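Data first, discussion second: the structure below is written as structure tokens.
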There are 2 protein chains.
Amino acid sequence: MTRREEIIKAAKVLFRERGYRSVSMRDLAKSMDFKAASLYNHISSKEEILAEIVLDVAHFFTKEMEQVKSLGADTKTQLEAVINHHILITLENPEAIAIVNNDWLHLEGIHFEEFLKLRNAYEQDLRDIINQGVNAGEIGSKNTEIVLFSILSTLRTLHSWYRKRSGIDGEQLRNDITEILLRGVIK
Amino acid sequence: MTRREEIIKAAKVLFRERGYRSVSMRDLAKSMDFKAASLYNHISSKEEILAEIVLDVAHFFTKEMEQVKSLGADTKTQLEAVINHHILITLENPEAIAIVNNDWLHLEGIHFEEFLKLRNAYEQDLRDIINQGVNAGEIGSKNTEIVLFSILSTLRTLHSWYRKRSGIDGEQLRNDITEILLRGVIK
DNA sequence: GTCTATAACCTGATAGAC
DNA sequence: GTCTATCAGGTTATAGAC
């Protein structure tokens with residue numbers, strides 16, 4: 001692991017614990033046992049660290065969605081796949097997911113725009129899947145936006161909830177959440 | 001409206017927009033067209049403003065929950081009431097709800113402890129309602145914590161979603177969300 | 001590649017004039 | 001009750017020694 005990667009890794013822990021704004025470059029350097037100025041040999045700004053963490057996750061979600069879309073399956077199968085992927089990524093990468101959800105607003109300029117583009121595209125893909133389900137009669141006549149929100153709100157906050165209750169079996173978690181979310185919207 | 005109340009009101013807008021840590025006392029003063037030092041004639045610290053906003057909401061939720069408990073109805077009716085109250089409070093008070101969700105971790109000392117006490121009690125009451133439903137056979141044999149989370153995660157993030165889509169009819173929103181959340185867990 | 005020193009600025013909060 | 005001036009400390013980031 002390069003020094004740069006070590007910095008990103010240490011930042012993930014601190015940013016998740018206390019929030020991006022609350023962590024100073026001195027804090028980050030101290031957690032790695034050297035001085036703040038030395039960080040700038042490996043990264044060019046604090047915001048660059050945040051951007052790398054957040055955009056990595058966003059690109060990963062985009063890839064997973066591409067894969068789901070390529071299945072060409074019915075709505076229930078596709079929703080199931082999206083939910084399962086989302087949960088698996090969350091359980092494997094909880095720090096990064098927490099940072100994405102809590103601190104993406106602190107991205108600046110081009111990073112902010114790229115994140116928003118990826119996030120909007122992901123939401124639009126999920127919206128398309130839901131609409132396809134409404135047209136095929138798999139989903140009741142509820143407002144598409146509300147269906148979209150009811151699913152995403154649960155998936156996007158799973159990280160904070162799982163943290164406090166990590167005793168729960170990952171398999172049961174995935175099964176129960178998938179079932180609850182699908183039962184809520186599938187006819 | 002006293003000057004103190006005006007300050008709280010202005011803080012709600014700014015804290016919600018940019019987050020508690022990102023808003024300086026100078027920013028807050030500027031938005032009211034006077035200087036930062038003057039704020040301290042009406043409030044004793046920045047954290048006191050946050051505490052007033054957050055604890056007000058928390059006490060309000062506690063009162064609503066007391067009322068639901070006093071109904072002594074079956075699980076479905078009680079869940080329906082909790083969900084409805086939660087949505088109504090959110091639509092009427094979106095700034096304060098957003099601040100509670102995003103910035104309660106910045107509370108300090110006694111304020112932090114009081115908030116946690118209220119929040120834990122609210123969660124425990126909802127957990128009791130769910131467990132009562134499991135025992136009465138109204139809810140399937142899913143893990144209680146997962147049922148609790150699937151409901152709260154959606155309700156607690158409604159504020160951010162409603163903001164962008166305020167065109168949606170409040171009545172339909174309440175009906176659809178209630179139906180989706182209940183269908184997910186009620187047998 | 002890490003250090004010390006420092007620039008330039010922002011932070012919450014207070015003292016005291018008016 | 002608002003102002004100016006100020007304090008003590010924190011912020012990101014850079015320059016130059018080693």
Side-chain angles (χ1 to χ4, degrees), chain A residues 1-55 99 102-115, chain B residues 1-55 99-100 102-113 115:
Chain A
M1 188 155 55
T2 66
R3 184 113 294 188
R4 190 172 199 282
E5 289 167 332
E6 283 174 13
I7 292 172
I8 306 277
K9 192 180 164 193
K12 274 186 194 166
V13 176
L14 292 185
F15 288 176
R16 188 254 181 94
E17 206 101 341
R18 321 209 305 257
Y20 172 74
R21 290 264 321 195
S22 300
V23 176
S24 72
M25 295 300 270
R26 288 174 175 81
D27 294 334
L28 179 54
K30 188 178 274 180
S31 85
M32 306 185 66
D33 262 318
F34 48 70
K35 301 291 174 182
S38 306
L39 295 171
Y40 290 90
N41 277 309
H42 309 282
I43 50 96
S44 70
S45 75
K46 186 187 179 189
E47 195 264 353
E48 188 190 89
I49 301 176
L50 178 66
E52 181 146 332
I53 295 170
V54 170
L55 291 176
I99 296 167
N102 296 329
D103 289 317
W104 68 269
L105 276 165
H106 293 112
L107 291 175
E108 291 164 25
I110 198 174
H111 296 142
F112 183 86
E113 284 156 31
E114 184 177 352
F115 175 78
Chain B
M1 189 157 52
T2 66
R3 183 112 299 186
R4 189 171 199 281
E5 289 167 332
E6 284 175 10
I7 292 171
I8 306 276
K9 191 181 166 193
K12 273 186 194 166
V13 176
L14 292 186
F15 288 176
R16 188 255 180 94
E17 205 103 341
R18 319 208 310 255
Y20 173 73
R21 289 262 321 193
S22 299
V23 176
S24 72
M25 295 300 272
R26 287 168 176 82
D27 293 334
L28 178 55
K30 188 178 273 182
S31 85
M32 305 185 67
D33 262 318
F34 47 69
K35 300 292 175 182
S38 308
L39 296 172
Y40 290 90
N41 277 307
H42 309 282
I43 50 98
S44 70
S45 73
K46 186 187 179 189
E47 194 265 352
E48 187 189 89
I49 301 175
L50 179 65
E52 180 146 335
I53 295 170
V54 170
L55 290 177
I99 296 167
V100 171
N102 297 329
D103 288 316
W104 68 270
L105 275 166
H106 293 113
L107 291 174
E108 291 164 27
I110 199 174
H111 297 142
F112 183 87
E113 283 154 33
F115 175 77

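Quick note on labels: first sequence line is chain A, next is B, and so on, each numbered from 1. Keep in mind it's a predicted model, so treat the numbers as computed, not measured.
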Just N and O in the side chain of S38(A): are any of them under 4.0 Å from OP1 or OP2 of dG1(C)?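 So the side chain of S38(A) is outside the cut-off, no N or O lying under 4.0 Å from OP1 or OP2 of dG1(C).
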
Inset, instruction - Report yes if a side-chain nitrogen or oxygen of S24(A) is closer than 4.0 Å to either non-bridging phosphate oxygen (OP1 or OP2) of dT11(D); otherwise report no. - result: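 Indeed, a polar side-chain atom of S24(A) lies that close.
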
Among dC3(C), dA13(D), dT14(C), which nucleotide sits nearest the side chain of Y40(B)?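 In terms of side-chain proximity for Y40(B), the closest of dC3(C), dA13(D), dT14(C) is dT14(C).
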
Taking for each residue the nucleotide of DNA chain D with the nearest heavy atom, is it R21(A) or A37(A) whose nucleotide lies nearer the 5' end?
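Upstream on the strand: R21(A).
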
In whole angstroms, how far is the [atom2] atom of [N] from the [atom1] atom of [X]?
{"X": "R26(A)", "N": "dT12(D)", "atom1": "CZ", "atom2": "C1'", "value": "8 Å"}
{"X": "I49(B)", "N": "dA13(C)", "atom1": "CD1", "atom2": "C1'", "value": "12 Å"}
{"X": "K46(A)", "N": "dT14(D)", "atom1": "NZ", "atom2": "C1'", "value": "18 Å"}
{"X": "L14(A)", "N": "dT11(D)", "atom1": "CG", "atom2": "P", "value": "13 Å"}
{"X": "E47(A)", "N": "dT11(D)", "atom1": "CD", "atom2": "P", "value": "18 Å"}
{"X": "H42(B)", "N": "dA13(C)", "atom1": "NE2", "atom2": "P", "value": "15 Å"}
{"X": "M25(A)", "N": "dC10(C)", "atom1": "CE", "atom2": "P", "value": "18 Å"}
{"X": "F34(A)", "N": "dT4(C)", "atom1": "CZ", "atom2": "C1'", "value": "16 Å"}

- Can I49(B) and Y20(B) be said to form a side chain to side chain contact (heavy atoms under 4.5 Å, CB included), step by step? CA-CA 10 Å; I49(B) 301 175; Y20(B) 173 73; over 6 Å; no

With salt bridge (Lys or Arg N to Asp or Glu O under 4.0 Å) as the criterion, how do E6(A) and K9(A) come out once you've worked through the C-alpha distance, each side chain's angles and the decisive distance to 0.1 Å?
CA-CA 5 Å; E6(A) 283 174 13; K9(A) 192 180 164 193; over 6 Å; no

* May I ask you to decide if I99(A)'s main-chain N or O and R16(A)'s side chain share a donor-acceptor pair within less than 3.5 Å? => no

*Mapping S44(B) and K35(A) to their closest nucleotides on DNA chain C, which lands nearer the 5' end?*
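In this pair, the answer is K35(A).
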
| Going by atom types only, do E47(B) and H111(B) share a side-chain donor-acceptor pair under 3.5 Å? | yes

Are the charged groups of E108(A) and K46(A) less than 4.0 angstrom apart, N to O?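 No, E108(A) and K46(A) are not salt-bridged.
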
At 4.0 Å (heavy atoms only), tell me whether R3(A) reaches a base, stays on the sugar-phosphate, or touches nothing.
sugar-phosphate

